Amino acid sequence: MQRFQNYIDGTFRDGDTWFDSVDPATGVAWAQMPEASESDVDQAVVAADRAFNSPDWAGLTATARGKLLCRLADLIAENAPRLAELETRDTGKIIRETSAQIAYVADYYRYYAGLADKIEGAHLPIDKPDMEVWLRREPVGVVAAIVPWNSQLFLSAVKIGPALAAGCTVVLKASEEAPAPMLEFARIFDQAGFPNGVLNVLTGGPAVGAALTRHEKIAHVAFTGGPETARHIVRNSAENLASTSLELGGKSPFIVFEDADLDSAVNAQVSGIFAASGQSCVAGSRLVVQTSIKDRFLEQLKQKAEAVVIGAPDDMRTEVGPLCTSQQRDRATDLVARSVSQGAQLITGGKPVDRAGYFFPPTILDCSDIPNADSLTHEFFGPVLSVVSFDTEDEAISIANDTRFGLASGVFTQNLTRAHRMIRSIRAGIVWVNTYRAVSPIAPFGGHGLSGHGREGGLQAALDYTKTKSVWLRTSDDPIPDPFVMR
Ligand code: NAD
């Protein structure tokens with residue numbers, strides 16, 4: 001079986017122990033991954049801390065850091081087919097999407113390469129005539145980055161890119177469910193010419209994540225994953241007082257008004273919930289549809305859902321591949337069964353596909369009469385859509401906001417004034433109007449409430465990896481007046 005290695009201080013290392021990585025399309029182990037030990041975690045953080053303070057990295061100009069990131073972006077673009085193949089093999093995400101997404105990951109690094117020398121300080125118009133005061137923006141220090149299995153190359157790019165642009169160093173823990181793409185990414189990173197220790201990549205489970213996030217030399221934890229894990233991380237940050245950015249789950253409303261372009265809304269809803277087999281934090285998993293068009297909309301949606309091509313993820317024709325793990329498949333199965341027992345009406349799907357691997361079909365549950373159904377409150381992280389209907393705009397807003405999550409939302413209407421009212425009223429970090437699941441390195445991304453805090457993407461993300469230093473310079477040659485009075 002193929003073996004992968006951890007990347008610590010510019011060297012590739014075996015683990016003391018290994019674990020199998022399973023191909024979700026077959027359920028069969030295909031590669032062995034090194035479980036990082038506590039000592040590996042410590043060595044990686046110490047290496048990142050040394051690099052952070054070394055002239056080789058700290059002494060580089062921001063422009064030079066940008067050039068290194070640019071070189072990395074070129075290497076990612078060159079190696080995109082191999083990275084896509086590995087991500088598909090290890091996670092089951094379809095090759096159609098991994099190919100497109102990884103090519104775009106290179107653009108994320110390019111964006112942050114360009115931003116490196118645009119992270120500016122400020123000069124302050126201070127209220128004292130004999131002082132010059134300015135703010136320096138300095139990197140926060142060593143960053144612990146933790147990612148889940150879905151879209152790891154993408155979710156790590158929005159951490160590594162801004163962190164390195166700002167001058168930080170990083171220890172990244174890949175998901176134990178599918179670490180191959182990140183461990184291969186480390187090999188590509190190694191060719192870009194960064195000093196040793198600037199990026200370290202480890203894998204392993206919760207114990208590795210816990211050891212990393214509570215390490216005394218960690219200054220910031222950038223986490224993507226579930227709310228329960230986020231609570232552990234926040235507790236750990238009580239040890240080192242690291243700042244945190246948390247990109248968590250969602251139960252995003254997809255709202256369709258009767259005046260919407262229905263063909264377009266149906267396609268967007270299919271993409272919003274069935275793409276990536278629903279394993280997307282921004283999945284539009286609650287369809288909130290106006291009663292007057294509900295039957296027509298659901299009929300069109302059902303037809304599309306049943307026509308979806310389910311198949312091997314490495315086949316370009318496949319539209320829905322397997323879920324990443326057997327636990328994910330079983331969880332989706334249980335949640336659907338529970339919701340049906342609570343009164344939800346199963347419109348299509350609902351049971352695992354009868355083939356090897358962890359396949360679950362596009363599933364639609366009508367929960368219109370049971371607003372407290374589990375399927376409306378729990379994140380499936382699978383291709384399961386729960387439907388609720390509304391009559392008035394106010395009702396739509398109240399259903400949309402009836403969640404502790406607040407990551408994404410979609411509004412489909414041709415009415416411009418209504419669109420603006422909805423944009424103002426929805427509590428979520430992203431509102432897509434007449435589109436869904438669009439992303440860009442230029443646009444910040446993140447949520448409210450149980451969906452976390454902090455933003456990834458855009459200039460703000462790079463600033464979040466910096467802290468300010470206030471500098472005071474006295475310009476008078478006169479002796480300092482009364483030393484007992486604060487000036
Ligand atoms: P998870 O929280 O179980 O695991 C995520 C990562 O955290 C893994 O690498 C895991 O090993 C690590 N981890 C587990 N316990 C830890 C601990 N005690 N300390 C430190 N690290 C620990 O999440 P998952 O089930 O792998 O991924 C699915 C979740 O991720 C969903 O809730 C999904 O919505 C969320 N997600 C959010 C975004 C976003 O950008 N908002 C994107 C993708 C996924």
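Indexing begins at 1, ligand by ligand and atom by atom, following the structure's order. If you read the sequence from its start, that first residue is 1, and numbering goes on from there. None of the values given here were measured: they were computed from a predicted structure.
Atoms CZ and NE2, from Phe223 and His232 in turn, are 9.5 Å apart once rounded to the nearest 0.5 Å. For the atom pair SG (Cys367) and CG (Asp374), the distance works out to 9.5 Å, reported to the nearest 0.5 Å. Here the OH-CG distance, from Tyr112 to Leu72, works out to 14.0 Å after rounding to the nearest 0.5 Å. To the nearest 0.5 Å, atoms CG (Leu323) and CD (Gln279) are separated by 4.5 Å.
Counting heavy atoms under 4.0 Å from ligand 1, residue Glu247 touches it through both backbone and side chain.
The protein heavy atom nearest to atom 35 (C) of ligand 1 is Gly225 O, 3.2 Å. With respect to atom 11 (O) of ligand 1, the closest heavy atom belonging to the protein is Glu176 OE1, 2.6 Å. Regarding atom 27 (O) of ligand 1, its nearest protein heavy-atom neighbour is Pro148 CB, 3.2 Å. Annotation: atom 12 (C) of ligand 1 to nearest protein heavy atom, Ile146 CG2, 3.7 Å. Protein heavy atom nearest atom 44 (C) of ligand 1, with residue, atom name and distance: Asn150 OD1, 3.5 Å. Protein heavy atom in closest approach to atom 41 (N) of ligand 1: Leu248 O, 2.7 Å.
Surrounding CD of Gln460 are more than 12 heavy atoms belonging to other residues, nucleotides or ligands, all under 6.0 Å away. In this structure, Lys304 places its NZ atom where only 12 or fewer heavy-atom neighbours from other residues, nucleotides or ligands lie under 6.0 Å away.
In plain terms, the two heavy atoms of Pro179 and Ser21 that are nearest each other are CD-OG, 3.8 Å.
For the residue pair His215/Asn240, the side-chain donor-acceptor check at 3.5 Å is not satisfied. Thr88 and Thr98 form a side-chain donor-acceptor contact under 3.5 Å, judged by distance and modelled atom types alone. For Lys159 and Thr224, the side-chain atoms include at least one donor-acceptor pair closer than 3.5 Å.
Counting atoms of ligand 1 from 1 in the listed order, those under 4.0 Å from a heavy atom of Leu155 are 42 (C), 43 (C). Near His232, the atoms of ligand 1 lying under 4.0 angstrom from a non-hydrogen atom of the residue are 18 (N). For ligand 1, the atoms closer than 4.0 angstrom to any heavy atom of Ser175 are 9 (O). Which parts of ligand 1 touch Thr224 is read off a 4.0 Å heavy-atom cut-off, strictly below it: atoms 5 (C), 36 (N), 37 (C), 38 (C), 39 (C), 40 (O), 42 (C), 43 (C), 44 (C). Near Gly249, meaning under 4.0 Å from one of its heavy atoms, ligand 1 places the atoms 32 (O), 34 (O). Heavy-atom proximity to Cys281, at under 4.0 Å, picks out these atoms of ligand 1: 34 (O), 36 (N), 37 (C), 38 (C), 39 (C), 40 (O), 41 (N), 42 (C), 43 (C), 44 (C). Of all the atoms in ligand 1, the ones that sit under 4.0 Å from a non-hydrogen atom of Leu407 are 41 (N). Residue Ala210 has at least one heavy-atom neighbour below 4.0 Å for each of these atoms of ligand 1: 19 (N), 20 (C).
At under 3.5 Å, a nitrogen or oxygen of Glu379, whether backbone or side chain, sits near a nitrogen or oxygen of ligand 1. Taking only nitrogen or oxygen atoms, main chain and side chain alike, Val147 reaches within less than 3.5 Å of ligand 1. Residue Phe381 places no N or O, backbone or side chain, under 3.5 Å from any N or O of ligand 1. On a distance-only criterion, Thr229 and ligand 1 share at least one N/O pair closer than 3.5 Å. Ligand 1 has no nitrogen or oxygen under 3.5 angstrom from a nitrogen or oxygen of Trp149.
Of the listed options Gly226, Ala145, Gly209, Pro179, Gly226 places a heavy atom closest to atom 23 (O) of ligand 1. Residue nearest to atom 7 (O) of ligand 1, selected from Phe445, Phe223, Phe405: Phe223 (by heavy-atom distance).
Taking the centre and axis of the six-membered ring of Phe12, the NZ or CZ atom of Arg187 falls inside the cone set by 45° and 6.0 Å.
In this structure, the ring of Tyr108 has its center less than 6.0 angstrom from the ring center of Tyr104.
Checked for salt-bridge contact, Glu97 and Arg437 meet the test: a charged N lies under 4.0 Å from a carboxylate O.
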